[in-house]
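Computed from a predicted model, the values in this text were never measured in an experiment.
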Amino acid sequence: TVIAGRPSVLDLNDCEAIEQATAASKGGQPQVMRDSWFAELSVGLGSHTNDAYVEDLREFGYQESGNYLGRAGVTAGYGISPYVALGLEARNLDTRRFARETQEVVQGFEWYSYGVGALARVQRPARRVIPYMQIGLGVSLAKSVLDEIVVTDESFVPAAGSDELPPVRTVERAHWHVGAYASLAAGVQIMVSRHLGCFAQLAWTFAPTIGNRMDASHDVGGVAFTTG
């Protein structure tokens with residue numbers, strides 16, 4: 001009992017303990033249903049680029065004999081804030097095959113290309129649906145393989161008045177090409193829990209990597225749609 005004008009002693013033994021509620025300000029950081037670290041595996045389809053390099057191949061009689069449109073990649077990163085994330089990526093780029101028939105043999109030419117680099121992502125924080133845009137910069141690598149024609153019989157001499165050619169075969173010659181790439185992408189993540197989600201992304205990549213002796217270079221990038 002509290003009596004006006006007299007000191008009183010409060011006995012805490014008769015008080016009931018309650019849990020302290022956590023207050024959140026209206027201007028606080030938005031909540032994102034995702035850990036700061038993230039990793040993504042992606043698969044999808046990509047386009048090819050027909051440029052001066054490809055036109056040079058066609059002028060030498062090469063025709064496309066097979067295309068691989070599949071795209072796959074892996075990304076890992078860290079959200080430095082609810083709005084910005086930085087990361088690393090590795091993915092495959094353009095793969096194409098050409099062939100021509102010459103000296104009674106089929107001469108093939110093909111290449112495989114890859115990209116490894118860093119990315120910066122800007123996103124709109126949300127609990128489940130997170131749209132984002134990102135840019136990427138890195139190193140592009142390409143391996144080209146040419147079926148070089150070699151004569152199998154150096155002592156061959158055609159008969160007088162004959163158009164007969166010496167016997168030949170093809171030998172694969174591989175070359176590595178190094179370049180750089182830049183990419184722009186937009187996508188959306190859908191989080192089903194704090195540690196698991198899915199995404200879809202549309203990206204454009206510019207990667208002039210393979211060159212020839214006529215100063216033409218081939219862009220192994222293009223447009224790709226991936227999900228994971």
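- R173 forms no cation-pi arrangement with F109, by the criterion of a distance under 6.0 Å to the ring centre and an angle within 45° of the ring axis.
- A ring-centre distance under 6.0 Å is found for W111 and F98.
- Minimum interatomic distance between D94 and R71 (heavy atoms only, all atoms of both residues): CA-NH2, 4.0 Å.
- Q123 and Q189 share no donor-acceptor pair across their side chains, judged by distance under 3.5 Å alone.
- Between the side chain of S140 and the main chain of G115, no donor-acceptor pair closer than 3.5 Å is present.
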Margin query: Between E64 and R96, is the side-chain contact (heavy atoms from CB on, under 4.5 Å) condition met? List the steps.
Written below: CA-CA 8 Å; E64 291 190 63; R96 298 177 81 170; 2.9 Å; yes
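- Closest approach of Y53 and I210 over heavy atoms only: OH-CG2, 3.3 Å.
- The hydrophobic cluster containing V220 does not contain W204, counting ILVMFWY residues as joined when their side-chain heavy atoms lie under 4.5 angstrom apart, directly or transitively.
- Ion pair R91/E40 not flagged as a salt bridge, since none of the NZ, NE, NH1 or NH2 atoms sits closer than 4.0 Å to an Asp/Glu carboxylate oxygen.
- For Y132 against A200, the heavy-atom pair with the smallest separation is OH-O, 4.1 Å.
- Side-chain atoms of N212 and H218 include no donor-acceptor pair closer than 3.5 Å.
- Hydrophobic clustering, with ILVMFWY side chains joined whenever heavy atoms are under 4.5 angstrom apart, keeps L137 apart from V178.
- Using a distance-only test at 3.5 Å, with no hydrogens or angles considered, a donor-acceptor pair links the side chain of S47 to the main chain of V223.
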Note to self: Go through it in stages, so that I can follow the logic: the residues are S144 and W176, the test is side-chain contact (heavy atoms from CB on, under 4.5 Å), and I'd like the CA-CA distance, side-chain angles, deciding distance and then a yes or no.
What the structure shows: CA-CA 6 Å; S144 62; W176 282 96; over 6 Å; no
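- Side-chain contact check for T75 versus L119: some heavy-atom pair is nearer than 4.5 Å.
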